[in-house]
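Notes follow the structure.
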Amino acid sequence: MVESGLMTDYSETIFNLVEYEVWCNLRMLDFLVGLPDEECRRDFGFGQRTAHRTISHVADVMRGWSGCVGPTIEQPAWPPYDEAETLQEIRHRMAATGASWLAAAKESHEHGVLAEERRLNQLFHLVTHGTHHRGQLLSMVTLLGYPQPFEGGDYGGWSNPG
């Protein structure tokens, strides 16, 4: 938005959105860790097919594309799916990636390059991608007979507590 020839700074909202995305994914992982392994690996026939593979995919995509948000753009790498990786290992990877993703976005903002070379596009892609797959995960959880552990798309409620 341009006001009186100056660009309005939306960086805090963008950083909050990154924090929300990571928070949602970690909440989902915390819920999945409490399920029996056979339920996390049940084939639902949609999305990435299992909850384990879906949350692993979200972590992989977050790690890959978040490298394109910092001042120095890193080409993403796509590791093969590791069926043996535990949910706790995925959670650790997700938490570390989330922290580095937020730091990279803030550093790009400080250098005045966050809006350049598709950095914001990659950032918003990660949010929409994660939201899409969390919807699938919440559907899987419901099909397993559990209540949904949290509202997977309520950024407004999360960012405006009270």
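Excluded from the calculations below are hydrogen atoms, water molecules and symmetry mates; all remaining heavy atoms, backbone and side chain alike, are included.
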Open item on the list: Can you tell me how far apart CD (Glu39) and CG (Leu144) are? Round to the nearest 0.5 Å.
Closed with: 5.0 Å
Open item on the list: If I take atom CE from residue Met94 and atom CZ from residue Arg63, how far apart are they, to the nearest 0.5 angstrom?
Closed with: 10.5 Å
Task: Minimum-distance pair of heavy atoms, taken over all atoms of Ala95 and Leu26 - done: N-CD2, 4.0 Å
Open item on the list: Does any part of the side chain of His111, heavy atoms only, come nearer than 4.5 Å to the side chain of Glu107, both counted from C-beta?
Closed with: yes
Open item on the list: As an exercise, state the distance from OG of Ser11 to CG of Asn16, rounded to the nearest 0.5 Å.
Closed with: 9.5 Å
TODO: Consider only side-chain N and O atoms of Tyr81 and His52, and report whether a donor and an acceptor are under 3.5 Å apart.
DONE: yes
Task: Distance-minimising heavy-atom pair for Gly70 and Ser108 - done: C-OG, 2.9 Å
Task: His92, NE2: over 12 other non-hydrogen atoms inside 6.0 angstrom - done: no
Task: CA sep, side-chain torsions, deciding dist, call: Asn25, Val58, side chain to side chain contact (heavy atoms under 4.5 Å, CB included) - done: CA-CA 8 Å; Asn25 290 330; Val58 170; 3.8 Å; yes
Open item on the list: Counting neighbours of CZ on Arg41 that are heavy atoms of other residues, nucleotides or ligands and sit closer than 6.0 Å, is the number greater than 12?
Closed with: yes
Task: Exam field: side chain Thr54 to backbone Leu137, donor-acceptor pair closer than 3.5 Å - done: no
Open item on the list: Check this for me: does any side-chain nitrogen of one of Arg134 and Glu21 sit under 4.0 Å from a carboxylate oxygen of the other?
Closed with: yes
Task: Nearest non-hydrogen partners of Ile90 and Ser56, listed with the distance - done: CD1-CB, 3.8 Å
Open item on the list: Has Ser100 got a side-chain atom pairing as donor or acceptor with Thr97's backbone, closer than 3.5 angstrom?
Closed with: yes
- [ ] Measure the CD-OG1 distance between Gln148 and Thr142 for me, rounded to the nearest 0.5 Å.
- [x] 4.0 Å
Task: Linked, directly or transitively: Leu102 and Val113 (ILVMFWY side chains, under 4.5 Å) - done: no
Open item on the list: Any salt bridge linking Arg27 with Asp30? Criterion: basic side-chain nitrogen under 4.0 Å from a carboxylate oxygen.
Closed with: no
TODO: Determine the interplanar angle of the His129 and His133 rings, folded into 0 to 90°, and report it as parallel if under 30°, tilted if 30 to 60°, perpendicular if over 60°.
DONE: perpendicular
- [ ] Kindly give the heavy-atom pair with the smallest separation between Leu143 and Phe44, and that separation in Å.
- [x] CB-CE2, 3.7 Å
- [ ] Could you tell me whether the side chain of His57 and the main chain of Arg53 form a donor-acceptor pair under 3.5 Å?
- [x] no
Task: Minimum side-chain heavy-atom gap Leu123-Trp65 below 4.5 Å - done: no
Task: Any side-chain heavy-atom pair of Tyr10 and Leu17 under 4.5 Å - done: no
- [ ] Over all heavy atoms of both residues, which pair between Pro147 and Val141 is shortest? Give the atoms and the distance, please.
- [x] O-CG1, 3.8 Å
Open item on the list: So which atom in Val22 and which in Gly98 form the shortest heavy-atom distance, rounded to 0.1 Å?
Closed with: CG2-CA, 3.5 Å
TODO: Carefully, step by step, assess Arg119 and Ile73 under the rule side chain to side chain contact (heavy atoms under 4.5 Å, CB included).
DONE: CA-CA 8 Å; Arg119 286 176 180 87; Ile73 295 175; 3.8 Å; yes
Open item on the list: If you apply the rule side chain to side chain contact (heavy atoms under 4.5 Å, CB included), what do you find for Tyr20 with Val127, and how did you get there?
Closed with: CA-CA 9 Å; Tyr20 174 72; Val127 172; 5.9 Å; no
Open item on the list: Measuring from atom CD of Gln122 to atom NE2 of His125, what distance do you get when rounded to the nearest 0.5 angstrom?
Closed with: 6.5 Å
TODO: Verify side chain to side chain contact (heavy atoms under 4.5 Å, CB included) between Phe15 and Leu114, making sure each step is shown before the conclusion.
DONE: CA-CA 11 Å; Phe15 301 150; Leu114 184 58; 4.3 Å; yes
TODO: Drop me the distance from Gln136's CD to Gln48's CD, to the nearest 0.5 angstrom.
DONE: 7.5 Å
